[in-house]
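Data block below; observations after.
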Amino acid sequence: MKKTLWSWLLAAAMLLPTLSTPAWAVGYTQTRYPIVLVHGLLGFDNIGPVGYWYGIPSALRDGGAQVYVAQVSAANSTEVRGEQLLTQVQQILAITGASKVNLIGHSHGGPTSRYVASVRPDLVASVTTVGGVNKGSKVADAITGALPPGSVGSTVFNSIVGAVGTIIDFLSGGSGLPQNGSAAIQAQTTATMASFNAAHPEGVPATYCGEGAYQARGVSYFSWSGATPYTNIFDALDPALALTSLAFSGEKNDGLVASCSTHLGHVIRDDYAMNHLDEVNQTIGLVNIFETNPVTLFRQHANRLQGMGL
Ligand code: CA
């Protein structure tokens, strides 16, 4: 009996070194490369880039991921924001010693991340856009007067403009915003994004509502989005999103971006019962209680990247 036990222990001891990185010891969200979260239009002032991703960085870190929250201009062209992000990615690589990063961008942070992957694909393992304005936003079109004449009535138009103002004021603390808002909105029109996509086509679907290449120039591309503008009666911003959703004339959207416009690379899903702010667990965790929690989606995605060796 004793002898059997000893031989079992010996065998176990010999096996141990081969299990030096057992699968069960790797955290659920522990990716090979650091994750960099890239905010959209509203990532500044009292919300700030960290609070913008409400509860998301900590949830990813708890599962073992290295997470960095980028801070780029709240309102500027995709290219200017992209250059700022590139500098930060290079700093993160220098700090961590990693060779690449996984970029996850929300809203205008999507195209911003795509810019970096397009100009420096060697530094990027993956780009994921969440509610990404990849083919522009009809809300931006409406505000800049680029929607086809007669597509929305003037009353609806005024409601949309007012609602966008409400959202921007609320999330930014209300200081010096109109100029910021309009500058950012110009960058996100359908026309501006069409030129951007011509210059940076990686992962962009060839058809309006299709999927794009899952991998381009060594970078993996993913996207997801919501498609329910009004989700929680306690969220003060939901009525505003219900109004901005009128710009889409019935097309599936999250309040600010059409589902089809968010498509990039591998489309994980484009119809979560979430609005544009729920996608980043805003406002302060007030999301649709009948839908998967947005934080869970980020954790699942980190696990997906881990499974792909990214
Ligand atoms: Ca919400």
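As the structure lists them, so they are numbered: ligands from 1, and atoms in each ligand from 1.
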Here's a test for you: under side chain to side chain donor-acceptor pair (under 3.5 Å), which of Asn288, Thr228, Asp238 qualifies with Asn275?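 When Asn288, Thr228, Asp238 are each tested with Asn275, the side chain to side chain donor-acceptor pair (under 3.5 Å) holds only for Asp238.
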Using links of under 4.5 Å between side-chain heavy atoms of ILVMFWY residues, direct or through other members, which residues join Tyr230 in one cluster?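 Under the 4.5 Å side-chain rule, Tyr230 groups with Ile233, Phe234, Leu286.
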Check the pair Asn253 / Ser245 against side-chain hydrogen bond (donor to acceptor under 3.5 Å, both in side chains), numbers first and verdict last. CA-CA 7 Å; Asn253 71 90; Ser245 74; 4.5 Å; no
More than 12 heavy atoms of other groups within 6.0 Å of Arg32 CZ: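 Open: at most 12 neighbouring heavy atoms sit under 6.0 Å from CZ of Arg32.
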May I ask you to list the protein N, O or S atoms found at less than 3.0 Å from the Ca ion (ligand 1)?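 Listed by chain and number, the nearby protein N, O or S atoms are Asp235 OD2, Asp278 OD1, Gln282 O, Leu286 O.
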According to the interplanar angle, ranging from 0 to 90°, do the rings of Phe222 and His301 count as parallel (below 30°), tilted (30 to 60°) or perpendicular (above 60°)?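 Ring orientation, 0 to 90° scale: perpendicular.
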Below 4.0 angstrom, N of the basic side chain to O of the carboxylate: do Glu251 and Lys135 qualify?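 No, this pair does not count.
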